[in-house]
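Position 1 is the first residue of the sequence; numbering continues from there.
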Amino acid sequence: MNQTLTRLSLLILLFIPISTIQAQIEKQKQVDELFTKWDTDNTPGAAVAIVKDGAIIYKKGYGIANLEYDIPITPSSVFHIASVSKQFTVFSILLLEKQGKLSLDDDIRKFIPEVPDFGKTITLRHLASHTSGLRDQWNLLSMAGWRMDDVITKEHVLKLVSKQKELNFNPGEEYAYCNTGFTLLAEVVSRVSDVSFAEFTKTNIFEPLEMNNTLFYDDHEKIVKNRAYSYQPDSAGYKKSVLNYANVGATSLFTTVEDLSLWAMNFTDLKVGDSTIVNKMNTLAVLNNGETFGGALGQFVGDYKGINQIEHGGADAGYRSYLSRYPSENFAVIVFSNSAEFNTGGIAHQIVDIYLKDKLKPEDKPKEASSSEAVTVDEDVLNSYVGDFELQPGFVISISLNDGKLSGKATGQAELPLTPISTTEFNVEGVEAKIEFIPNEGENIKLIKLHQGGQIMDAPRVTESNKSDVNLADYSGEYYSEELSTTYTFTVVGDSLIAKHSRLSDFKLNHIKDDMFFGEAWFFGQVEFIRDENNLITGCIVSNGRVRNLFFEKIK
């Protein structure tokens, strides 16, 4: 009888692991299916790692890391992960705070006196939570005539910051995503620790966590083994999307999905830092009015189908990255890609749906139509949706209609198809967002609402004025920005006002209303001309979403 029981026990022990293994294999197959399009030998692709209970339970690479040499992507391929870098910058600041060398509530000018005195205190906490009011470095550089594939160093950014005249808003009053703050935080780490930021993170984070294939890339000429290069689609297939950044803090972390898994595990099984640091990073930031907005320190905190989610994505050149953590489930998903068209966040959430299926609650949103029950919207109604809608000063969503289908294009971003899920609601394809058109009694709609990241944001229609009432010659001339050390020339060509810059392609300024235009370049959004008491134009102020009211003086 004892032998029978022993045999039964062994069978039971064998049976349970086999069923578990089979379930895991089935989930892995479902994950692989998500990457089918990218699992080729002639396209860029992606890498994925899935973490559960302190271990990587699945990792894989798909597609090609270098299209010129046919090098495949593996879980050990090194990617530039763009803004996912920011949480390491915050963690470094908090390590120094733990050592008593600084405080989150210190004034940035205590460490970097080159930052102008705006008459308002900007703290390290403001910088780490995107509430500083500082203008964004990438937008400023683009306005100044820089290309994003130029060599851009820390020194370039610091000089740019030192010349700023105004803030977008008072510190702590609003949230506006700002890369500048994290470049400054990295410089604080360097000045306080007396070593480079790359060296500080290597010694204090990467080496203790055995992230052996991870570094902050502060030298654009440095050779990195197993590096994946970035690409963007074009009519012939793909072409290189070149990145020459030599600045760190806001971006430029090079790592693998395997190494980033070790970082994700550290939040629950601490090897570096302590619970105080983790809790600070995971706590929602608070504006001056007491409200929260979904942002924490270097990451975002919210809800995904009933489960607490802590996440951040990144996008530079053709690199795309996403890390999402689910502390209650001790679960994390990491997805990297080297193709600009890849939606890492969307794929990551589909992976979460596979692995946490039994823990997720259905989303409270309209049921999406399947291909067999697609929503049809009358073309006259679609025509009433066409137009430009301003989400923020200088940041416009343009809705267009072609061959009976709507598409949307936000300032500085690619045009994306809009798929109807009702007569007034459309999903933005490739992005986790929805556009809602607010009916206007059969007339052209005056308002759309963008649903994204747990927020609902209004964007009123931009109303074009009667062009016959506008004398474009009034606006022609040369305009100089002392802050950017750059000049634009506005010239009338035919019936259009054209902006010219020595380093940029010409672009059109479209008239909206009295003395106000909208630039067709993503970094030159809303342009408002200023007149003196004699009604003569003396300059203009330009806004583009992350830069507000930057002044250009008319010099000719």
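- Under the 6.0 Å distance and 45° angle rule, R531 does not count as a cation-pi partner of F529.
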Given side-chain hydrogen bond (donor to acceptor under 3.5 Å, both in side chains), test T256 with N213 step by step and report yes or no. CA-CA 7 Å; T256 68; N213 295 304; 5.0 Å; no
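- In terms of heavy atoms, V48 sits closest to V257 at O-CG2, 3.8 Å.
- Pairing each heavy atom of L104 with each of K280, the nearest pair is CD1-CD, 4.4 Å.
- Put simply, the residue from T89, D218, N247 that forms a side chain to side chain contact (heavy atoms under 4.5 Å, CB included) with F197 is T89.
- Residues meeting the ring-ring contact (aromatic ring centres under 6.0 Å, His included) test with Y319, sequence neighbours left out: H80.
- Formation of a donor-acceptor pair under 3.5 Å by the T131 side chain with backbone atoms of P171 is not found in this model.
- Taking the six-membered ring for Trp and thresholds of 30 and 60 degrees, F524 and Y488 have ring planes inclined between 30 and 60 degrees apart.
- Considering only residues two or more places apart in sequence or on other chains, E520 meets the side chain to side chain donor-acceptor pair (under 3.5 Å) condition with N510.
- When the options Q309, E311, K305 are evaluated for a side chain to side chain donor-acceptor pair (under 3.5 Å) with H349, the one that passes is Q309.
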Can you list, pair by pair, the side-chain donor-acceptor contacts under 3.5 Å of residues 138-146, counting residues two or more places apart and other chains?
unit_1	atom_1	unit_2	atom_2	d
N139	ND2	N544	OD1	3.1
S142	OG	W138	O	3.0

Y479 vs F552, test: ring pair (Phe, Tyr, Trp, His ring centres under 6.0 Å). Steps then yes/no. CA-CA 5 Å; Y479 294 76; F552 286 78; 7.7 Å; no
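- The aromatic rings of Y177 and F300 lie parallel to each other, their planes meeting at an angle below 30°, with 60° marking the opposite boundary.
- With no hydrogens or angles considered, no side-chain donor-acceptor pair links E528 and N549 at under 3.5 Å.
- For H312 and S83, the side-chain atoms include no donor-acceptor pair closer than 3.5 Å.
- Aromatic ring centroids of H130 and F182 lie under 6.0 Å apart.
- None of Y217, F88, F79, F336 except one satisfies the ring-ring contact (aromatic ring centres under 6.0 Å, His included) rule with F254; the exception is Y217.
- Judged by distance alone, with hydrogens and angles left aside, the side-chain atoms of T153 form no donor-acceptor pair with the main-chain N or O of A246 at under 3.5 Å.
- The nearest pair of heavy atoms linking P208 to T203 is CD-O, 3.4 Å.
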